[in-house]
Number of protein chains: 2
Amino acid sequence: MKEKNTEKKILEAAKIVFIEKGKDGATMQSIADKAGINKALLHYYFRSKDKLFNKIVELTIHHFLPRIEKAFLSDLDFFERIRIVIKEYITILSNNPFIPAFILHEVNRNPEGILKLVMDSGIRFDLIAKKIDIEIQRGIINISSPQHFLANLLSLCIFPIAARPLLQPIIFSNDKIAYDQFIEERKTQTADFFIQAIKA
Amino acid sequence: MKEKNTEKKILEAAKIVFIEKGKDGATMQSIADKAGINKALLHYYFRSKDKLFNKIVELTIHHFLPRIEKAFLSDLDFFERIRIVIKEYITILSNNPFIPAFILHEVNRNPEGILKLVMDSGIRFDLIAKKIDIEIQRGIINISSPQHFLANLLSLCIFPIAARPLLQPIIFSNDKIAYDQFIEERKTQTADFFIQAIKA
DNA sequence: GTCTATATCGGGATAGAC
DNA sequence: GTCTATCCCGATATAGAC
């Protein structure tokens, strides 16, 4: 009946199912059901499950990375920039809570595939590392290397979202509202914590 | 030919394959191959793929959690205890580097299953939280809640291991030796960073 | 472009011999 | 306890009508 609309419906359905079940756990049938079409039509638009899966990962990565890079490379005060990056990052992730565990699993399953997509996205991690190194040289911040800086920053933002199905029951008695509130707090508290740790 | 030996070989092979491929991606055939036996014998020892998978997860969890709890509940100086917990935790994980992403994926795929095993393990997260809360009340540490304390601690220890396939290429130009060195450094630097962040 | 029907294959599980 | 052979189902993918 419609052209572009069907492709869009497929992509939306595939994103949900792949992220929830992983590549292997997802089935073309369940994706077709969620999109309101049948299996054959899936193969008409995307020739194979592999191709459909790669498309979803590509779209997901291209949606995430540029926003982070942009915040990091602005010319605000360094600590102010950190606050913005952390707030922006946690906000994006909390709106897409299944992305982190999904990416982590797929990159362990097939490192080259995901990695190629990240590299092709054109994000310049080297520039970000350089910016951080400058502040270290200046003595503004106190940490041994840009690598530790980035690893700590990413850990604090990503892990509490990725591990929610474990953390919410364990440290919040499975209280969903309390965990939502917790994530909301982290948008500012993570920056406080991080800056306190590195301030010279 | 042998009894206990075969079961052990199966468990070792299953652990490797499940952790690498995830539950859905692993096949009984590949597990049998790695164990040097055939599929039928797998089903003789463990009646189904489900049962074998649950056994692996159970063994993995029971191997990890108690060591963490023990370090946390000792009666050393609080900051000294933190240093030990972090060092112990990163050491265990770096010796079992595929566990974190595996657990994160499976717990997102099927939260109840893994969670039940964690709860059955008898670990008392409530006691750990209480210990932390006491230090907050005393004014020894400066953080808003035990939940943020624990989430930050776990994030800093676990994430750099789980995300290695992404971080190693991105921030270390895929230099394996450099990343090994990086993890080694984190056994002490993570504690420095963490304590600096929370010290009152 | 969308459907139904079907081919084909792979993987979990079982039967039965040794 | 271990093997070979086989069953059975579900999943990917294609053929062909509309």
Side-chain angles (χ1 to χ4, degrees), chain A residues 1-60 98 102 105-106 108-110 113-114, chain B residues 1-60 98 102 105-106 108-110 112-114 117:
Chain A
M1 219 185 284
K2 335 95 189 178
E3 296 184 16
K4 270 294 171 193
N5 203 3
T6 299
E7 182 171 345
K8 198 175 173 185
K9 279 196 299 184
I10 291 174
L11 288 173
E12 285 169 2
K15 182 178 177 185
I16 294 171
V17 176
F18 274 134
I19 285 175
E20 184 180 338
K21 302 286 185 183
K23 180 185 175 183
D24 297 315
T27 68
M28 296 297 264
Q29 184 63 62
S30 64
I31 293 171
D33 289 348
K34 193 171 279 285
I37 56 167
N38 58 56
K39 289 185 295 178
L41 203 53
L42 273 186
H43 284 89
Y44 174 80
Y45 277 91
F46 303 86
R47 278 186 36 212
S48 69
K49 186 183 181 182
D50 262 11
K51 287 194 171 29
L52 176 55
F53 176 76
N54 284 335
K55 190 72 186 175
I56 296 298
V57 175
E58 185 187 336
L59 290 174
T60 301
F98 296 108
F102 168 71
H105 176 245
E106 297 302 339
N108 273 280
R109 216 182 46 82
N110 173 21
I114 305 263
Chain B
M1 221 184 285
K2 336 98 187 175
E3 297 183 17
K4 270 294 170 194
N5 204 1
T6 299
E7 182 171 344
K8 197 175 173 184
K9 280 195 300 183
I10 291 174
L11 288 173
E12 284 169 2
K15 182 178 176 184
I16 293 171
V17 176
F18 275 132
I19 285 174
E20 184 181 339
K21 302 286 186 183
K23 181 185 177 184
D24 296 317
T27 68
M28 297 296 265
Q29 185 63 60
S30 64
I31 293 171
D33 289 348
K34 192 170 280 284
I37 56 167
N38 58 53
K39 284 189 297 177
L41 203 52
L42 273 186
H43 285 89
Y44 175 79
Y45 277 90
F46 302 87
R47 281 183 35 212
S48 69
K49 186 184 181 181
D50 262 11
K51 286 193 172 30
L52 176 56
F53 176 76
N54 283 335
K55 189 74 187 170
I56 296 299
V57 174
E58 185 188 335
L59 290 174
T60 301
F98 296 109
F102 169 70
H105 175 246
E106 298 301 340
N108 273 278
R109 213 184 47 81
N110 174 19
E112 305 81 24
I114 306 262
L117 291 171

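In what follows, chains carry the letters A, B, and so on, assigned in the order in which the sequence lines appear, proteins first and then strands, with residues in each chain numbered from 1.
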* Asked: Parallel, tilted or perpendicular for A:F53 and A:F18, by the 30°/60° rule?
  -> perpendicular
Measure the distance from [atom1] on [X] to [atom2] on [N] and round it to the nearest whole Å.
X: B:I31; N: C:dA13; atom1: CD1; atom2: C1'; value: 14 Å
X: B:F46; N: D:dT2; atom1: CZ; atom2: P; value: 12 Å
X: A:K8; N: C:dG1; atom1: NZ; atom2: P; value: 17 Å

* So which heavy atom on B:F98 is nearest to which on A:N108, and how close? -> CD2-OD1, 3.6 Å
* Any salt bridge between A:K23 and A:D50, counting N to O under 4.0 Å? ->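 Salt bridge between A:K23 and A:D50, a charged N being under 4.0 Å from a carboxylate O: yes.
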* Asked: Can A:E12 and A:K9 be counted as an ion pair, charged N to O under 4.0 angstrom?
  -> no
* For A:D33, what residues pass the side-chain hydrogen bond (donor to acceptor under 3.5 Å, both in side chains) criterion, not counting sequence neighbours? ->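 For A:D33 the side-chain hydrogen bond (donor to acceptor under 3.5 Å, both in side chains) partners, ignoring immediate neighbours, are A:Q29.
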* To do: Classify every nucleotide of nucleotides 4-18 of chain D by which part a protein heavy atom approaches to under 4.0 Å, writing B for the base, S for the sugar-phosphate alone and - for neither, in 5'-to-3' order.
  => B------SBBBB---
